[in-house]
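We count residues from 1, following the sequence as given.
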Amino acid sequence: MENSSKRSKITLSVSMAIFGTLGLFTRFIPLSSGELALYRAILAASLILVYLAVTKQKIDLKGIRRDIPLLLASGVAMGINWILLFQAYRYTTISAATLSYYFAPVIVTVASPLLFREKLTAKHIICFCMSTLGLVMIIGINNLTRGGSDLIGILFGLGAAVFYATVILLNKFIKNVAGIHRTLLQFFAAIIILIPYVSVTDGVNLASLTEIGWACLLIVGLVHTGVTYCMYFSALKDLPGQEAAILSYIDPLVAVIVSVLILGESMTILQFIGGVFILGFTLWNEKNA
């Protein structure tokens with residue numbers, strides 16, 4: 001049991017580290033955010049189908065009937081979430097986009113008392129206020145007053161956080177589908193909504209991809225989404241929720257390192273402190289929740 005838990009910790013840590021490099025690879029894919037989100041969903045869904053076939057896991061189609069509307073809704077939210085996140089990467093630094101995106105757990109905390117009648121404690125209120133202050137620090141007073149590309153990118157990141165929080169909240173209502181099966185069905189729902197969206201916006205532009213672009217697209221779809229989601233869910237079932245929540249913060253930490261050290265993107269002291277506020281108080285909020 002101890003070896004299984006240790007293996008799961010390593011697996012989850014590696015998956016989170018891979019998630020943290022997502023922004024780096026999207027930098028080299030000259031496609032629209034909607035088109036990139038569509039191919040990401042198609043590639044990941046295809047790989048997960050192969051994984052389920054190899055492991056001989058079947059989806060209980062009769063048992064999921066009641067949850068189909070919620071699965072469709074969460075899949076649509078997931079697709080929009082990806083589009084907004086990829087847009088955030090285009091307008092601002094990866095670190096600013098990722099840290100604003102990690103405002104999602106704060107949104108879930110505030111929405112849960114309204115949706116699930118959960119008690120909003122003083123601790124929750126403190127975490128919300130301090131995380132919001134952290135978000136303001138990341139945006140910066142100058143950006144708030146003057147606007148600009150960074151502000152647009154951070155707002156896209158915050159929009160992505162809203163839809164990611166929506167996925168989390170909808171998942172709490174889904175009772176009959178768990179883990180990787182749920183994610184696969186959500187990918188299918190995302191594909192259904194993204195195909196018409198791409199068709200009426202930028203269309204298909206795969207011919208414009210270079211060899212590097214193709215390689216990065218395959219990595220984003222197969223590795224960052226397909227393989228990593230399989231790793232994530234295989235590890236998640238063997239770990240306590242609090243431990244999994246702590247390990248999930250490897251993702252934004254790696255994203256910041258990639259942004260500053262590899263891509264050479266700037267990050268002010270105030271933005272760094274803001275990031276610490278968001279991640280630190282969100283983590284504190286999840287401990288012993």
Side-chain angles (χ1 to χ4, degrees), residues 12 15-16 18-20 22-23 26 33-34 36-45 48 59 64 66-89 97-116 118 131 155-195 197 220-221 224-226 228-233 235-237 241 244-245 247-249 251-252 255 278 282 285-286 289:
L12 189 61
S15 68
M16 288 297 109
I18 294 172
F19 278 139
L22 175 64
T26 62
S33 297
L36 177 53
L38 173 60
Y39 300 144
R40 181 187 189 187
I42 291 173
L43 288 167
I48 291 174
I59 299 175
I64 69 170
R66 290 183 181 178
D67 289 328
I68 286 177
L70 290 171
L71 287 165
L72 289 172
S74 60
V76 170
M78 181 181 288
I80 298 172
N81 155 44
W82 286 353
I83 292 173
L84 294 175
L85 180 61
F86 293 149
Q87 282 291 89
Y89 290 150
T98 303
L99 291 171
S100 58
Y101 181 57
Y102 261 76
F103 199 69
V106 180
I107 298 171
V108 172
T109 299
V110 174
S112 291
L114 300 174
L115 296 174
F116 307 106
E118 295 178 2
S131 296
L155 290 177
F156 272 125
L158 192 56
V162 170
F163 281 94
Y164 181 50
T166 301
V167 174
I168 294 172
L169 292 168
L170 286 172
N171 278 343
K172 291 189 176 186
F173 289 103
I174 299 173
K175 305 297 184 183
N176 301 310
V177 194
I180 200 70
H181 296 148
R182 178 187 302 179
T183 301
L184 175 63
L185 294 168
Q186 287 170 334
F187 284 168
F188 283 145
I191 292 168
I192 291 170
I193 192 65
L194 286 169
I195 287 175
Y197 173 80
V220 166
H224 283 91
T225 317
T228 310
Y229 271 76
C230 290
M231 291 172 62
Y232 176 79
F233 284 110
L236 204 61
K237 66 180 187 298
L247 291 175
S248 71
Y249 285 85
D251 173 1
I278 289 178
T282 304
N285 182 65
E286 291 178 357

Trainee: At what distance, to the nearest 0.5 angstrom, does CD1 of I193 lie from CG of L38?
Mentor: 11.5 Å
Trainee: In Å and rounded to the nearest 0.5 Å, what is the CD1 to OG1 distance from I18 to T228?
Mentor: 4.0 Å
Trainee: For the NZ atom of K172 and the CG atom of L70, what is their distance to the nearest 0.5 Å?
Mentor: 14.0 Å
Trainee: Just by distance, do the side chain of T225 and the backbone of V220 share a donor-acceptor pair under 3.5 Å?
Mentor: yes
Trainee: In terms of heavy-atom contacts, does OH of Y232 have more than 12 from other residues, nucleotides or ligands at under 6.0 Å?
Mentor: no
Trainee: Using a 4.5 Å cut-off on heavy atoms from C-beta on, say whether the side chain of I83 contacts that of L194.
Mentor: yes
Trainee: Calculate, to the nearest 0.5 Å, the distance between atoms CZ and OG1 belonging to F103 and T282 respectively.
Mentor: 8.0 Å
Trainee: Atom CG of L12 and atom CE of M231: how far apart are they, to the nearest 0.5 Å?
Mentor: 8.5 Å
Trainee: Would you name the heavy atoms of Y89 and A97 that are closest together and state the gap between them?
Mentor: CD2-CB, 3.8 Å
Trainee: I need the minimum non-hydrogen distance between A165 and A104, along with the two atoms involved.
Mentor: CB-O, 3.8 Å
Trainee: Quick check on Y164: does its OH atom have over 12 non-hydrogen neighbours (other residues, nucleotides or ligands) under 6.0 Å away?
Mentor: no
Trainee: If you compare all heavy atoms of Q87 against all heavy atoms of S33, which two are closest, and at what distance to 0.1 Å?
Mentor: OE1-OG, 2.7 Å
Trainee: Between Y101 and F156 (judged by ring centroids, cut-off 6.0 Å), do the two rings come close enough to count as a pair?
Mentor: no
Trainee: With T166, which of L170, I168, L169 fulfils side-chain contact (heavy atoms from CB on, under 4.5 Å)?
Mentor: L170
Trainee: Measure up the W82 and F187 rings against each other and bin them: parallel (under 30°), tilted (30 to 60°), perpendicular (over 60°).
Mentor: tilted
Trainee: Looking at T183, D67, I174, N81, which one forms a side-chain contact (heavy atoms from CB on, under 4.5 Å) with S74?
Mentor: I174
Trainee: If only atom types and distance count, is the side chain of S112 paired as donor or acceptor with the main-chain N or O of T109 below 3.5 Å?
Mentor: no
Trainee: How many angstroms lie between atom CZ of F163 and atom CG of L85, to the nearest 0.5 angstrom?
Mentor: 13.0 Å
Trainee: Heavy atoms only: give me the nearest Q186-L71 pair and the separation to one decimal.
Mentor: CG-O, 4.1 Å
Trainee: Of all the heavy-atom pairs spanning I191 and A45, show the shortest one and how long it is.
Mentor: CD1-CB, 4.2 Å
Trainee: Would you say that T26 contacts R40 through its side chain, given a criterion of any heavy-atom pair below 4.5 Å between the two side chains?
Mentor: no
Trainee: Tell me the closest heavy-atom pair linking G157 and S100, and the distance in Å.
Mentor: CA-OG, 3.6 Å
